Amino acid sequence: MEKKVYLNGEYLPLSEAKISVLDRGFLFGDGVYEVMPYYQGNFLGFKSHIERLNNSLAEIRLDLPYSVAQWHEILSPLMDNTRNQYIYLQVTRGVAPKRDHLFPKPTVPTVFAMCNDIPPFLEREHGIKGLTIADNRWARCNIKATALLANLLLKQQADDEGCGEAILVKDGYVTEGSASNVFAVVDGVLMTAPKGPAILAGITRDIVLELARANQIPVSEQAIPVTALKTASEIWVASSTREIVPIVELDGEKVADGKAGAVWQKMNALYQAYKQQDHV
Ligand code: PDD
């Protein structure tokens, strides 16, 4: 059976879900999105994801006042509670009568959601390679915008060099990954860039920090100098779909002994236990 997706109030087979070529998401990348993990019947961080979506919507001045409960009602029918899945949810500024940079009046947002299986994370145990690249994105990275061209180019550049993630550097400091947040263990302290317009503050990032604080792992929400990254004992990237992945090689040099480190082992175990619990 073909999978169903949600589009503007309807549940449709994927091949029947159609939008206009005048949709501003298509023409301008004028929209925002969320990616939420779902483990065997439970969304992880649902409320936090919806709060971040609302923040993105407010930042782009798009009004869509659905409550957390309404979103839950919309998205739940897409999920299969026997599988590990993630939901992709996108809201654009909808269809306008013609291509015009200014916002249409009235605005009727396009709301689209689909669900996919989370693939098994073979990479997690072995780690991946990272490549530092200059962060040349815009100044409002806190908005989870669908316009991801800069991120795509950076990720592709890393992949071209055989690396699983681009580690982005601005003014000598690590901001984040092309599709993840970056953590490093420096002198025994787990560091990650502070929230602000230079990063998309991940829900996974929040969970990692919460788990670290509850389990006596010293943390610092302070930007990581790239010089400190080069001598870090551990580097990780974190996101909803990849969870927490060790970077075992950076710019062609091993990170410590080139294996997932002890702090990662501890955090990964905490995270795996946490995701099995019921959360709002
Ligand atoms: N991206 N930073 C960027 C630039 C991201 O694209 C993502 C996730 C994150 C981590 O956020 P979270 O922990 O809430 O997933 C940080 C998603 C997974 C994506 O674009 O598919």
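These numbers come from a predicted model, not from an experiment. Whatever order the structure lists them in is the order used to number ligands and atoms, beginning at 1.
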Query raised in the report: Would you call Glu59 and Arg140 a salt bridge, taking side-chain N to carboxylate O under 4.0 Å as the test?
Result: yes
Requested in this report: Within a distance under 4.0 Å of any heavy atom of Ser178, pick out the atoms of ligand 1 and give their elements.
Outcome: 4 (C)
Report task. Around atom 2 (N) of ligand 1, find the nearest protein heavy atom and jot down its residue, atom name and distance. Result -> Glu176 OE1, 2.6 Å
Query raised in the report: Who's the nearest protein heavy-atom neighbour of atom 20 (O) of ligand 1, and how far?
Result: Tyr33 OH, 2.6 Å
Report summary line: shortest atom 11 (O) of ligand 1-to-protein heavy-atom contact is with Gly202 CA, 3.3 Å
Query raised in the report: Which protein non-hydrogen atom lies closest to atom 18 (C) of ligand 1, naming both residue and atom, and how far is it?
Result: Thr241 OG1, 3.7 Å
Query raised in the report: What do you reckon, are the aromatic ring centroids of His101 and Phe28 less than 6.0 Å apart?
Result: yes
Query raised in the report: Against heavy atoms of Ile203, which atoms of ligand 1 measure under 4.0 Å?
Result: 12 (P), 13 (O), 14 (O)
Query raised in the report: What atoms in ligand 1 come closer than 4.0 Å to a heavy atom of Asn181?
Result: 10 (C), 16 (C)
Report summary line: The atoms of ligand 1 lying under 4.0 Å from a heavy atom of Asn151, numbered in the order shown, are 4 (C)
Query raised in the report: Below 3.5 angstrom, do we get any N/O pair linking Arg52 and ligand 1?
Result: yes
Requested in this report: Would you kindly say whether Ser180 and Glu165 are connected by a side-chain donor-acceptor distance under 3.5 Å?
Outcome: yes
Report summary line: For Asp117 and Tyr86 the tightest heavy-atom approach is O-CE2, 3.7 Å
Query - Charged tip of Lys4 within 45° of Tyr11 ring normal and under 6.0 Å - result: no
Query raised in the report: In this structure, are over 12 heavy atoms from other groups packed under 6.0 Å from Phe26 atom CZ?
Result: no
Report task. Check the side chains of Asp30 and Thr92 for a donor-acceptor pair under 3.5 angstrom, ignoring hydrogens and angles. Result -> no
Query raised in the report: How far is atom 12 (P) of ligand 1 from its nearest protein heavy atom, and which residue and atom is that?
Result: Ser240 OG, 3.5 Å
Query raised in the report: With a 4.0 Å cut-off, would you call Lys3 and Asp80 a salt bridge?
Result: no
Report summary line: Residue, atom and distance of the protein heavy atom nearest atom 13 (O) of ligand 1 read Thr204 OG1, 2.5 Å
Query raised in the report: Taking only heavy atoms of Leu200, which atoms of ligand 1 are found under 4.0 Å from at least one of them?
Result: 2 (N), 3 (C), 9 (C), 11 (O), 16 (C)
Query raised in the report: Does ligand 1 have an atom under 4.0 Å from some heavy atom of Gly45?
Result: no
Query - Charged N-O contact under 4.0 Å between Glu34 and Arg52 - result: yes
Query raised in the report: Got a second to check how far Ile244's CD1 is from Asn268's CG, nearest 0.5 Å?
Result: 6.0 Å
Query raised in the report: How far is atom 1 (N) of ligand 1 from its nearest protein heavy atom, and which residue and atom is that?
Result: Lys144 NZ, 3.2 Å
Query raised in the report: Between Lys144 and Glu51, is there a salt bridge with N-O shorter than 4.0 Å?
Result: no
**Report entry** Minimum-distance protein heavy atom relative to atom 21 (O) of ligand 1
**Finding:** Val35 CG2, 3.6 Å
Report task. Could you say whether the N/O atoms of Arg205 and ligand 1 ever approach to under 3.5 Å? Result -> no
Query - Residue part near ligand 1, for Cys141, under 4.0 Å between non-hydrogen atoms - result: neither
**Report entry** Check: Ala201 N/O within less than 3.5 Å of ligand 1 N/O
**Finding:** no
Query raised in the report: Ring centroid separation for Tyr33 and Tyr88, is it under 6.0 angstrom?
Result: yes
Query raised in the report: Which bit of Leu148 is near ligand 1, meaning a heavy atom under 4.0 Å away: side chain, backbone, both or neither?
Result: neither
